Amino acid sequence: MRLDGKDQLRFITCGSVDDGKSTLIGRLLHDSSSIRDDELKALARDSLKYGTTGEEIDFALVVDGLEAERQQAITIDVAYRYFSTGRRSFMVADTPGHEQYTRNMATAASNAQLAVILIDASKGVLVQTKRHSLICSLLGVRHVVLAVNKMDLVGYGKESFDRAVADYRAFASALGFLSIAAIPISARYGDNVTGRSEATGWYKGPCLLHHLESINAQPNTADQPFRFAVQWVNRPSRAFRGYAGAVVSGSIEVGGEIVVARSGRSSRVEKIVTYDGELARAEPGSAVTITLADDIDVGRGDVLADPLNQPEVSDQFAAYVIWMDQQAMAVGRPYAFRIGAQSIASGHIRATRHKIDINTGAQIEAHALSFNEIGLCDIALATPACVDSYKKNRHTGSFIIIDRYTNRTVGAGMIALELRRIGGIGRPPLPLGKSERSALKQQRACIIWLTGEHGKAAIGNLVEQKLFELAHHTMLLEAGNVGIAVGETNRKEDVWRIGQIAKLMVDAGLIVICALPCPTSTSRDHVRALVSAAEFIEVFVDDQNGGCVQHDNCEMHAKAGLPELLKVADASSEPPLRHLEAAGHGPHRLAEIVLGYLVEKGIITR
Amino acid sequence: MREVAAEFRNPVLLYSIGKDSSVMLHLALKAFYPARLPFPLLHVDTTWKFRQMIEFRDETVKRLGLNLLVHVNQCGIDDGINPISSGSALHTQVMKTESLKQALDCHGFDAIFGGARRDEERARAKERIFSVRSPGHVWDPRNQRPELWNLFNTRIRTGESMRVFPLSNWTELDVWEYIRHEKISVVPLYFAKPRPVVRRNGALIMVDDHRLPLAPNETPELKSIRFRTLGCYPLSGAIESAAATIDDIIAEMQVTKTSERQGRLIDNDEAASMERKKRDGYF
């Protein structure tokens, strides 16, 4: 409840590019007197420059904020707008209709209670219409307004409207919406937007604004089981230890029993502390500080819960995931997870069970998800988290997935706990192999075998040092640390032994750099055979006069591109041999060339 | 706010003395009570603020026992930058944007609370609540992280920083209603009172001190005015009003036909000027 006694409805608008969403919002703002005079003046000026409506004011420009997109005339991001009427205040998220930007729609839908889905009366239900409805449904939006726009283009005919509505209801019946209200409108001319229109005498329902003002779309979080997310431990002095956080569902009273979900330890609420004095009771949405009667261990990320109705504490669960990054999901690769105030440094997607065809809702077999795809995935976390199913609780049932390398938010998930019970994933131990261990280190394991008379050790050392600086896991094998004898006769035996060690290290996910004398191609072939072809990279350091080490400060050649310097020698010299031309280059430059080659081959990323 | 205090190494609350800053400060005090604020306040002073703002700032800091850092861009002072002869655009660039960047770099803050709201301006409507800035404090509106539910991605790399806008979803009216409900004190300039003003380019400029050069035909008149936003006094346009209490202000807002930042001379320089300033590092 807000301070002015009015409640707030958060809704999103979605539709295809030219369905007129922005125009509709502009119209709502204008007709509810939320556009100020100076903004209107600026708008009239801009309409002439950027607008698509000729002399008239282009209401879409109210919402299309950013310069670049104004010129493209496409909304590329989520824009929030606020207006209020005598009965309610509204927060509108304008979401892009452009096919590429599903992730923005999901973002806007995650905080919305209602969706206004626009369709063009002359075009009817499109692929995007279905897509948007499905995303809304998945993200727990339970109320929909189907705004059939551009009625002016079909002469305000009842038939077009009825056809579109029937098509939509047929599709949406499986999506679990609690209400679907269909309204014929013209955003451009204002029909049925803030008042009933004469032009659609056959339509007996309310206008859009009236419907938005009167619908009861508030989720009833007060009746749900008590959950309190601990954000911060408040310890100003030894005498006081309180847990600051938010009541995300249910309510709690002083003296009420709670349990720390993760540890199972229970206690009673001693005090509910706020800046304005102590409270007897805290309701959903309130940010308070709770002190407990017993001295038990509670930290940031913990969830205090109703002892009779506790969340699941699990490190494995199934969830619907929306993939939001250009780089596709990598099954088995570690990602960071954020579940409420719980930051889980590491977890991974064990498997994708299926992806969802967002045009039909059909399940399609898939191994991983790409940008803008939605699917059901099995998640495994390094440490257990307290979770509910998303259907039961939006707060404790949602999470985001973060790339540990780029820090981008790459995915969002909604936990589907009941599926785990039915499906019974159980907990088979994850078979750990080379790929899992490499993935953890965010690299591909391999052997870099340096050969040649001079400069191997210097370059090998530098390559390892540079890899270390890039946070890669490496091991350098050289005569010194593996303790090989100098005698010629032993060399073949040495190579065999070192090959075995290197293979073991590749299994551990390491990048192994070998700087050893290895006279015959046969003995190298032996090592090569121990690992896969892509994992054995042979580099011939061609430094006849041993000048490379001394010439560290020499000027780099402009032509020092990778193809010239690191080339595969011709087929006659038996195995593929990468030829590192050392003349005129310092070891730093040569090591950089090797690194560049590793990036090119996908061993490491920069 | 607690999220930021828990997840970042060195946060700071940008305190501009205005009503939004007052609300943010109040929210912060509430969030950490009974503990003290776990981060300092930072005021970027252009030396052209209203005298009453500075008095109010110093009184607030003293009353609440706060840790306030004040930063002035000394290079700008040395170069003689001022809002009158340098023009509003250069003055804002040097004394606000550059100065802010200096202060942030100097203290190494990794998270900065700002009081910006999405309803203020179109470019701000697309801002995230947790918004990443590159090491040069640059905003890239095309490369923003999606924000779902109330789950914020607080991870940044070394050198990057996070701007955090807890009031993103508040409106001007919400701010005033909250100030009334919580009895938060604000700078007296928000309330109407007879003050000496001159009219320039359609805006009412208050003659706050002797530094404002008056044209030969200009004589300050005494008018009942108040401010909807506060900044540097030569750049802040007042409105004629009789609203002397919070109730009056709220009543006035419900019928007003002009937007809040209309009095800000710096926004009107050209279309999309806020977006450009934001990309540059302005709040």
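Numbers restart at 1 for each chain; the letters A, B, ... are given by sequence-line order, proteins then strands. Here the structure is a predicted model, which is why all the values come from computation and not from measurement.
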Counterpart residues, ring-ring contact (aromatic ring centres under 6.0 Å, His included), relative to F228(A) (two or more places apart): none
Close side-chain approach of T274(A) and Y33(B), heavy atoms under 4.5 Å: no
Heavy-atom distance under 4.5 Å to chain B: side chain of V288(A), backbone, both or neither? backbone
Restricting to ring-ring contact (aromatic ring centres under 6.0 Å, His included), what partner residues turn up for Y80(A), sequence neighbours left out? none
Enter the distance from L151(B):CG to S110(A):OG here, rounded to the nearest 0.5 Å. 8.5 Å
Top residue by heavy-atom pair count (under 4.5 Å) with chain A, among N150(B), L29(B), V132(B)? L29(B)
Among E147(B), R155(B), R145(B), which residue satisfies the side chain to side chain contact (heavy atoms under 4.5 Å, CB included) criterion with T409(A)? R145(B)
A side-chain contact here means heavy atoms from C-beta on lying under 4.5 Å apart; do N169(B) and Y82(A) qualify? yes
Sort by residue number and list every member of residues 235-244 of chain A having a non-hydrogen atom under 4.5 Å from chain B. P236(A), F240(A), A244(A)
Measure the shortest side-chain to side-chain distance between R2(B) and N234(A) over non-hydrogen atoms and say whether it is less than 4.5 angstrom. no
Count the heavy atoms of every other residue, nucleotide or ligand shown that sit under 6.0 Å from CZ of R404(A), and state whether that count exceeds 12. yes
Side chain of N153(B), backbone of N407(A): donor and acceptor closer than 3.5 Å? yes
Going by the rule salt bridge (charged side-chain N to carboxylate O under 4.0 Å, His left out), which residues pair with E59(B) if we only count those two or more places apart in sequence or in a different chain? R63(B)
Answer whether the closest heavy-atom distance between the side chains of E3(B) and W232(A) falls below 4.5 Å. no
Roughly how far, to the nearest 0.5 Å, is the CH2 atom of W149(B) from the CZ atom of R394(A)? 8.5 Å
Are K30(B) and D276(A) ion-paired here, with the side-chain N under 4.0 Å from a carboxylate O? yes
Check whether R36(B) gets within reach of chain A through its side chain, its backbone, both or neither, counting any heavy atom under 4.5 Å. neither
Please flag which part of R338(A) lies under 4.5 Å from any non-hydrogen atom of chain B: side chain, backbone, both or neither. both
Would you compute the distance between atom CG of L148(B) and atom CE of M414(A) and round it to the nearest 0.5 angstrom? 8.5 Å
Residue S398(A) versus chain B: region with a heavy atom under 4.5 Å: both
Is there a side-chain contact between Y275(A) and P34(B) (heavy atoms, below 4.5 Å)? no
What residue, out of A246(A), A112(A), G245(A), has the most heavy-atom pairs lying under 4.5 Å from chain B? G245(A)
Cut-off 4.5 Å, heavy atoms of chain A, and the answer for I250(B) is neither
Indicate yes or no: at least one non-hydrogen side-chain atom of D119(B) is less than 4.5 angstrom from one of F83(A). no
